[in-house]
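Values below: every heavy atom of this structure, side chains too, minus hydrogens, waters and symmetry copies.
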Amino acid sequence: MEKKYNVGVIGATGMVGQRFLTLLANHPWFNVKVVAASARSAGKKYEDAVGSKWCMDVAIPENVKDLVVMNATDDIKEIASQVDFVFCAVDMKKDEIKALEEEYAKAECPVVSNNSAHRHTPDVPMVLPELNPEHIEIIPSQRKRLGTKRGFIAVKPNCSLQGYVPALFPIDKAGFKVKDVLVCTYQAISGAGKTFETWPEMIDNVIPFIGGEEEKSEKEPLKIWGKIEGDVIVDAKRPNFTAQCLRVPVTNGHMGATFVRFENKPTKEQILDIWKNYKGRPQELKLPSAPKQFLNYFVEDNMPQTKLNRDIENGMGISIGRLREDTQYDYKFVCLSHNTLRGAAGGAVLLAELLCAEGYMD
């Protein structure tokens, strides 16, 4: 792609905002023009505003160090005038986020959001690009509702489901309909925006509760499986999901222990073949952030491991292992995804690439 897009990061001082900036530092299509955050950071150089809160394992990118932080809520029109679209990763109440993202969209500034506020808005596409890219076709309906020509909102799904849903969706689409899914997720502390320095009580500890996470893990897949009907995306009636989500003492990487029952049961060989050969729209378009091998199966009994495999395909690949028959369900397996790359900022960047490639940012 010859065109370069100027982009903004809204919520740039938070953990996901920081991850956005590291991913965008050398992006071939996107140039960070604006960083924005809360009023307490506005007016400061980014390096000064983030200060000791910088928690990435690389230094603050040179291209943003000296950018003056804008006010995410008060400078919407000015931000919209400087960028082609924004990434949003703000830490606010859900109703406030919904209103803020719509304000940007109505200022004719498309929003690619990491936030959960609009995931169940019926005309907002919630896209995992390899699985349901066709959902972006709802955008003209959303623009009609908002009264915009360019502005719209698109979101990525929750980080918790980014391992088991990519593993199950291609099998379902191959004709082996997924009926029931039980999943237990073991989620890294970065999913809460924390490090071991800021959350020392997580060391040598497991917390068997993550607020709102189980509901997201059970309901959001149904929108991914859903279909566009008229001016809305209608959630699917199946599969049936039940989830239990635990916080574990890991920096990055969400593991999922998954049990699945099919309406017509495939063989193990058929499942492995589907995983090996599955490619989505990002692979067809050769998008910059797309993993070459989306689904990666490990034959070793003790794999995948969070520390060893979370960074596979630059953190954008899904790792799967231990596929075997179960005594109550048809099969069980484990899966792993990087929660701040595939599950958060990286997934949003890939979604933005898809939207650009398909013409929605022009």
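Other residues, nucleotides and ligands contribute only 12 or fewer heavy atoms inside 6.0 Å of the NZ atom of Lys33. Within a 6.0 Å sphere centred on NZ of Lys173, other residues, nucleotides and ligands contribute more than 12 heavy atoms. Annotation for Lys179: atom NZ does not count as buried by contact number, only 12 or fewer foreign heavy atoms lying within 6.0 Å. Annotation for Lys77: atom NZ does not count as buried by contact number, only 12 or fewer foreign heavy atoms lying within 6.0 Å. Within 6.0 Å of CG in Asn277 there are more than 12 heavy atoms belonging to other residues, nucleotides or ligands. The 12-atom threshold is exceeded at NZ of Lys265, counting heavy atoms of other residues, nucleotides or ligands nearer than 6.0 Å. More than 12 non-hydrogen atoms from other residues, nucleotides or ligands lie less than 6.0 angstrom from NZ of Lys53. The environment of Asp204 atom CG is sparse: at most 12 non-hydrogen atoms of other residues, nucleotides or ligands sit within 6.0 angstrom.
Judged by distance alone, the side chain of Asn115 and the main-chain N or O of Ala117 form no donor-acceptor pair under 3.5 Å. For the pair Gln293 (side chain) and Leu295 (backbone), a donor-acceptor distance under 3.5 Å is present. A side-chain donor-acceptor contact under 3.5 Å links Thr267 to the backbone of Gln270. Here the side chain of Gln187 pairs no donor or acceptor atom with the backbone of Met255 at under 3.5 angstrom. In this structure a side-chain-to-backbone donor-acceptor pair under 3.5 Å is missing from His338 to Gly343. With hydrogens and angles ignored, the 3.5 Å screen pairs a side-chain donor or acceptor of Gln18 with a backbone N or O of Cys55. With hydrogens and angles ignored, the 3.5 Å screen pairs no side-chain donor or acceptor of Tyr186 with any backbone N or O of Pro249. A donor-acceptor distance shorter than 3.5 angstrom exists from the side chain of Asp75 to the backbone of Asn71, with no hydrogens or angles considered. Looking at Asn158, its side chain never comes within 3.5 Å of a backbone N or O of Lys216 through a donor-acceptor pair. For the pair Asn314 (side chain) and Met316 (backbone), a donor-acceptor distance under 3.5 Å is absent.
With 3.5 Å as the limit, one finds no donor-acceptor pair spanning the side chains of Asn6 and Gln82. Residues Trp275 and Asn296 have side chains that never bring a donor and an acceptor to within less than 3.5 angstrom of each other. Using modelled atom types and a 3.5 Å distance limit, the side chains of Arg143 and Thr148 yield no donor-acceptor pair. For Glu220 and His120, the side-chain atoms include no donor-acceptor pair closer than 3.5 Å. A donor-acceptor pair shorter than 3.5 Å cannot be found between the side chains of Arg342 and Ser289.
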CA sep, side-chain torsions, deciding dist, call: Trp225, Asp172, side chain to side chain donor-acceptor pair (under 3.5 Å): CA-CA 10 Å; Trp225 254 270; Asp172 185 273; 3.2 Å; yes
Residue pair Val260, Leu168: steps toward the side chain to side chain contact (heavy atoms under 4.5 Å, CB included) verdict: CA-CA 8 Å; Val260 56; Leu168 295 170; 3.8 Å; yes
Stepwise ring pair (Phe, Tyr, Trp, His ring centres under 6.0 Å) check, Phe30 with Phe85: CA-CA 10 Å; Phe30 304 150; Phe85 65 91; 5.3 Å; yes
Stepwise side chain to side chain contact (heavy atoms under 4.5 Å, CB included) test for Thr195 and Met15: CA-CA 10 Å; Thr195 64; Met15 182 177 280; 4.0 Å; yes
From CA spacing to verdict: side chain to side chain contact (heavy atoms under 4.5 Å, CB included), Ile189, Val250: CA-CA 6 Å; Ile189 63 172; Val250 168; over 6 Å; no
Evaluation steps, side chain to side chain donor-acceptor pair (under 3.5 Å), between Asp123 and Ser141: CA-CA 7 Å; Asp123 59 8; Ser141 295; over 6 Å; no
Steps toward side chain to side chain contact (heavy atoms under 4.5 Å, CB included) verdict (Ser52, Trp54): CA-CA 5 Å; Ser52 61; Trp54 184 259; over 6 Å; no
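With sequence neighbours excluded, no residue satisfies ring-ring contact (aromatic ring centres under 6.0 Å, His included) with Tyr46. Take Phe176 and apply the ring-ring contact (aromatic ring centres under 6.0 Å, His included) test, not counting sequence neighbours, and it matches no residue. Legend: residues meeting ring-ring contact (aromatic ring centres under 6.0 Å, His included) with Tyr104, ordered by chain and number and at least two apart, are absent. Take Tyr331 and apply the ring-ring contact (aromatic ring centres under 6.0 Å, His included) test, not counting sequence neighbours, and it matches no residue. Checked against side-chain contact (heavy atoms from CB on, under 4.5 Å), Asn309 has the following partners two or more places apart in sequence or in another chain: Phe298, Met303, Pro304, Gln305, Ser319, Leu336.
Taking CE from Met92 and OG1 from Thr73, the interatomic distance works out to 6.5 Å, rounded to the nearest 0.5 Å. Note that CD1 of Ile97 is 9.5 Å distant from CG of Asp95, once rounded to the nearest 0.5 Å. Rounded to the nearest 0.5 angstrom, Thr22 OG1 and His27 NE2 are separated by 11.5 Å. Here the straight-line distance linking atom CD1 of Ile153 with atom OG of Ser113 works out to 8.0 Å at 0.5 Å rounding. Atom CD of Glu214 is separated from atom OG of Ser160 by 9.5 Å, given to the nearest 0.5 angstrom. In this structure, Leu131 CG and Phe294 CZ are separated by 5.0 Å, a value rounded to the nearest 0.5 Å.
With a 4.5 Å cut-off on side-chain heavy atoms, Pro239 and Asp180 do not count as touching. Between Leu341 and Arg19, the closest side-chain pair of non-hydrogen atoms falls below 4.5 Å. Two residues are said to be in side-chain contact when any heavy atoms from C-beta on lie closer than 4.5 Å; Leu24 and Asn63 fail this criterion. A heavy-atom distance below 4.5 Å is found between the side chains of Arg247 and Trp199. Leu21 places a side-chain heavy atom less than 4.5 Å from the side chain of Val9. A 4.5 Å side-chain heavy-atom check between Glu284 and Lys279 finds every atom pair outside the cut-off.
Using a 4.0 Å cut-off between a side-chain N of Lys or Arg and a carboxylate O of Asp or Glu, Glu62 and Lys65 qualify as a salt bridge. Ion pairing between a basic and an acidic side chain is recognised when a charged N comes within 4.0 Å of a carboxylate O; Glu102 and Arg145 show such pairing. One finds no salt bridge joining Arg322 and Glu300 here, because no Lys/Arg side-chain nitrogen approaches an Asp/Glu carboxylate oxygen to under 4.0 Å. Ionic pairing of Lys268 and Asp330 is not present here: no N-O contact between side-chain nitrogen and carboxylate oxygen is shorter than 4.0 angstrom.
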Could you tabulate the donor-acceptor pairs under 3.5 Å formed by side-chain atoms of residues 355-362, not counting sequence neighbours?
from	atom 1	to	atom 2	distance (Å)
Glu358	OE2	Arg281	NE	2.8
Glu358	OE2	Arg281	NH2	3.2
Asp362	OD1	Tyr5	OH	2.9

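Hydrophobic clustering of Ile, Leu, Val, Met, Phe, Trp and Tyr side chains at less than 4.5 Å, counting indirect connections, keeps Val183 apart from Leu246.
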